[in-house]
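Report on the following structure.
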Amino acid sequence: MPPEFARRVLALLAKVPPGRVTTYGTLAELAGYPRHSRHVGHLLGKLPEGVAAPWYRVLGAGGRLSRPGSHHADWQRLQLEEEGVEFNASGKVDLRIFGWPDQMV
DNA sequence: GGAATGACCATGG
DNA sequence: ACCATGGCCATTC
């Protein structure tokens, strides 16, 4: 896995505006590595604390939280809600509205 | 080199 | 809508 991948993903992540969210699959694809969603997730997991990357704006497919139960998930949800992202009854985010990049529908 | 693992995704029951 | 199964790709043992 070339360092390019990590760099690209982080760059894209930095482009995600506040109040918007993206998914692992999307980041991987935009980074030029389709179907590498797992690695995006793992990459973010390895990120040092000092890195200024809004990883909390990254959700799983369909806007689901990646690691429910974890205290991080709780914090993550709060962060997103503070930015104006809304969670539906299922605890998921409507990617058609808050998804990034804009979903053409 | 082979097997197991992982912040996942899509599909089927 | 929820749980189970199969497929993905790269890293690690």
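To find a chain, count down the sequence lines: A is the first, B the second, and so on, and within it residues start at 1. Here the structure is a predicted model, which is why all the values come from computation and not from measurement.
- When hydrophobic clusters are built by joining Ile, Leu, Val, Met, Phe, Trp and Tyr residues whose side-chain heavy atoms come closer than 4.5 Å, directly or via intermediates, F98(A) is not grouped with L78(A).
- Nearer to the 5' terminus of DNA chain C, by closest-nucleotide assignment, is the contact made by K92(A) (compared with the other of K92(A) and P34(A)).
- Between the CG atom of L95(A) and the P atom of dA10(B) there is a distance of 11 Å, given to the nearest Å.
- In this structure, L44(A) is a member of the same hydrophobic cluster as M1(A), with clusters built from ILVMFWY side-chain heavy atoms closer than 4.5 Å.
- Using the Watson-Crick or G-U wobble rule with both distances under 3.5 Å, dC8(C) pairs with nothing in any strand shown.
- Within the structure, a side-chain polar atom (N or O) of H42(A) is placed less than 4.0 Å from OP1 or OP2 of dA7(B).
- With rounding to whole Å, Y24(A) atom OH is found 8 Å from dC8(B) atom C1'.
- Following rounding to the nearest Å, R64(A) (CZ) and dC8(B) (C1') show an atom-to-atom distance of 8 Å.
- Here dA10(C) presents its P atom at 9 Å from CZ of F5(A), a figure rounded to the nearest Å.
- The minimum heavy-atom distance between A31(A) and V9(A), with the atom names listed, is CB-CG2, 3.9 Å.
- Here the C1' atom of nucleotide dG6(B) and the CG atom of L44(A) are 13 Å apart, to the nearest Å.
- dA7(B) atom C1' lies 18 Å from atom CZ of R77(A), rounded to whole Å.
- The residue among S37(A) and K46(A) whose nearest nucleotide of DNA chain C lies closer to the 5′ end is S37(A).
- In terms of heavy atoms, P17(A) sits closest to W100(A) at CD-CD1, 3.4 Å.
- Put simply, the side chain of R38(A) and the base of dC8(C) share a donor and an acceptor less than 3.5 Å apart.
- Rounding to whole angstrom units, CG of residue L59(A) and P of dC8(B) are separated by 12 Å.
- Among the protein residues, H39(A) comes within range of the nucleic acid bases, having at least one heavy atom under 4.0 Å from a base atom.
- Remark: C1' of dA7(B) and CH2 of W55(A) are 9 Å apart, rounded to the nearest angstrom.
- Residue G45(A) is classed as a base contact, given a heavy-atom separation below 4.0 Å to a base.
- In this structure, L59(A) and Q76(A) have side chains that are in contact, with non-hydrogen atoms separated by less than 4.5 Å.
- Across the interface with DNA chain B, nearest-nucleotide mapping of S66(A) and G62(A) shows S66(A) to be the residue nearer the 5′ end.
- Set against dA1(C), dA10(B), dG7(C), the side chain of S90(A) has dA1(C) as its closest nucleotide.
- At the heavy-atom level, T23(A) lies nowhere under 4.0 Å from the strands shown.
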